[in-house]
Amino acid sequence: MKLVRSFYFYILILLLGVSCQSKKAKQERPNIIFIMSDDHAYQAISAYSDHLIETPNIDRVAKMGMLFTNATVTNSICAPSRATILTGKHSHLNGKIDNHFPFDTTNVTFPQLFQDAGYQTAMFGKLHFGNNPKGFDQFKILPGQGAYYNPDFITKDEGRITVQGYVTDIITDMTLDWLENERKEEDPFLLFYLHKAPHREWLPAERHLAEFTQRTFPEPATLFDDYSGRGRAAKEAEMNLLKHMNWAGDSKIYPEVMDELGIPDASGWDKGAFEREVGRLDSSQRAVWDQYYQPLNEEFKKNYASMSEEDLMRWRYQRYMQDYLGTIQAVDENVGRVLDYLEENDLMENTIIVYTSDQGFYLGEHGWFDKRFVYDESFKTPLMIAWPGKVEPGSKSDEMVQNLDFAQTFLEAANIPAPSDMQGESLLPLLTGNEAEWTRDAVYYHYYEYPSVHMVKRHYAIVTKEYKLTHYYFDTDEWELIDRINDPQELTNVYDDPAYAEIKAELHQKLEGLREKYGDNSEISQRYLDEYLDYLEETRRFGGANKEVVQEILENRISSKK
Ligand code: SGN
Ligand code: CA
């Protein structure tokens, strides 16, 4: 009897041990909070440089963890970047090459794998896929680009809703509400907290207008770039602050003031963009908004006639920075609210916190706004990752990491096997101080969305820490080689300089190797191009400043088919 009793006792202990262990193992899986803004340039984060704005809260993530100074994207545009993040695959494989067609939801995304593995999953903010995210217990996302003021949301449980207030605050309220009221304490979570800001048309919260509409900011060295050292792609892009920025939608010159001054609606959707955004304010909100923008319009009216092109460029840069950085002020405050919540609720310990953007952005460098190019300001993206106890506080890495790497990093951290066709590399060796295990010395880039808004030609590239070799292959056939060390502003194409003959040959070979490794080639590029041009031919859905160029491309195509 005694023997039997002690046998049962032994079994009981064993079972208890197993269940404790499995509970512990369960708890040990880290929570993940993925904070991503839209178009947030690293130049506008004080952990990188404080010449434009102080972002003390975003910087907290870098202070707690690792700051990446060479983080990049595989395709510098919104939805494709998000697709690469979720699938761990380059655009040509996940199919989301540009912002036009919806994301192919037969792709396997890492949140689905987390959900299958027992994680709680939630997403709040901007996704921009043209369909709803898979693998989420809860989501509230902006339709398309979303709006800054009194925005609409597509929600999992309540259909489409409109919420009064400022988008950055609202997305944060939703995130905090989920953490507080929906999250179950016993299971780990994967949470996407995705800001719309600081995306065009850069509309700050009411509370920041007084300060930001008054500030002046230092100009970048290349504000007046004439693109003389580079080829047609840089020269023909429509991203110049003076020539291609909207007066109403972007610079907040009232449509009626444009009329008074005889400024044409050059893009064809300038006044519409203003209405789309500012028109969402109710009358009392609008009255507050006008308090700040009205005097600015009055002043501009007075000065316009006497302003030179150079004056106008400078004025537009300041206007741009006032609004763009104003929207970042709200992002920083709200990131602070989320970090405070984690601290106050003992959630810091076992949580991976990421702050990043879907790509970088031009803040007047090369005279530009927007992104798309493989030049640094849009190819690189801010990235900091904290994981208390695992990542050394205040550490830095200059390794060439990419948005392609997130999926495998998180899967490894959560001990979930990654599908073998994912193409990134886990960042855990870098995060945990095992640099020797990291061997990547070059990354691959491919941008597709052309002909389209901003008119940046299709290109693919190889980038190492020292060089960039780029091929613009459609509507031109140009190679560009940039010496990143000696020409950090990327002003001179040295492709035909004999001094670079050897390195050029080496890079060509390496580029071919990368294309093979990732499974990209000109046949695939041609297929995507044909699909897009067929669509343009059929729908004629193009317009604005680039209308004639697109028409010419299509006519050439039709006549070459004959
Ligand atoms: C809109 C913007 C463009 C921007 C694209 C893509 N114009 O068309 O400036 O490049 O989105 O942005 S806007 O006046 O309508 O804002 S992305 O972040 O979604 O890729
Ligand atoms: Ca973006």
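As the structure lists them, so they are numbered: ligands from 1, and atoms in each ligand from 1. Worth knowing before you read on, the calculation uses all heavy atoms, side chains too, and leaves out hydrogens, waters and symmetry mates.
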Undergrad: With a 6.0 Å cut-off on the ring centroids, do F124 and F139 count as close?
TA: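 No, ring centres 6.0 Å or more apart.
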
Undergrad: Does the side chain of T69 pick up a donor-acceptor pair with the side chain of D398 at under 3.5 Å?
TA: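 Per modelled atom types, T69 and D398 side chains form no pair under 3.5 Å.
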
Undergrad: Looking at residues at least two apart in the chain, or sitting in another chain, which of them share a salt bridge (Lys or Arg N to Asp or Glu O under 4.0 Å) with E211?
TA: R215

Undergrad: Could you tell me whether K196 and D38 have a side-chain N and a carboxylate O separated by less than 4.0 Å?
TA: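 Not counted as a salt bridge, because no side-chain N and carboxylate O are separated by less than 4.0 Å.
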
Undergrad: State which residues pass salt bridge (Lys or Arg N to Asp or Glu O under 4.0 Å) with K89; sequence neighbours excluded, sorted by chain then number.
TA: D421

Undergrad: Compute whether any side-chain donor of one residue and acceptor of the other, for K457 and Y450, lie under 3.5 angstrom apart.
TA: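 Yes.
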
Undergrad: Measuring from each atom of ligand 1, which residues have a heavy atom under 4.0 Å away?
TA: D38, D39, I77, C78, N99, K126, H128, Q145, H199, R200, E201, W269, R276, D370, K371, R372, H454

Undergrad: Under 3.5 Å, is there a donor-acceptor pair linking the side chains of N403 and S81?
TA: yes

Undergrad: Indicate yes or no for a side-chain donor-acceptor contact from Q285 to the backbone of D282 under 3.5 Å, with no hydrogens or angles considered.
TA: yes

Undergrad: May I ask you to check whether T74 and Y518 show a side-chain donor-acceptor distance below 3.5 Å?
TA: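 No, Y518 and T74 have no side-chain donor paired with an acceptor closer than 3.5 Å.
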
Undergrad: I need the protein N, O or S atoms closer than 3.0 Å to the Ca ion (ligand 2), given as residue plus atom name.
TA: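 Result, waters dropped: D38 OD1, D39 OD1, D358 OD1, D358 OD2, Q359 OE1.
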
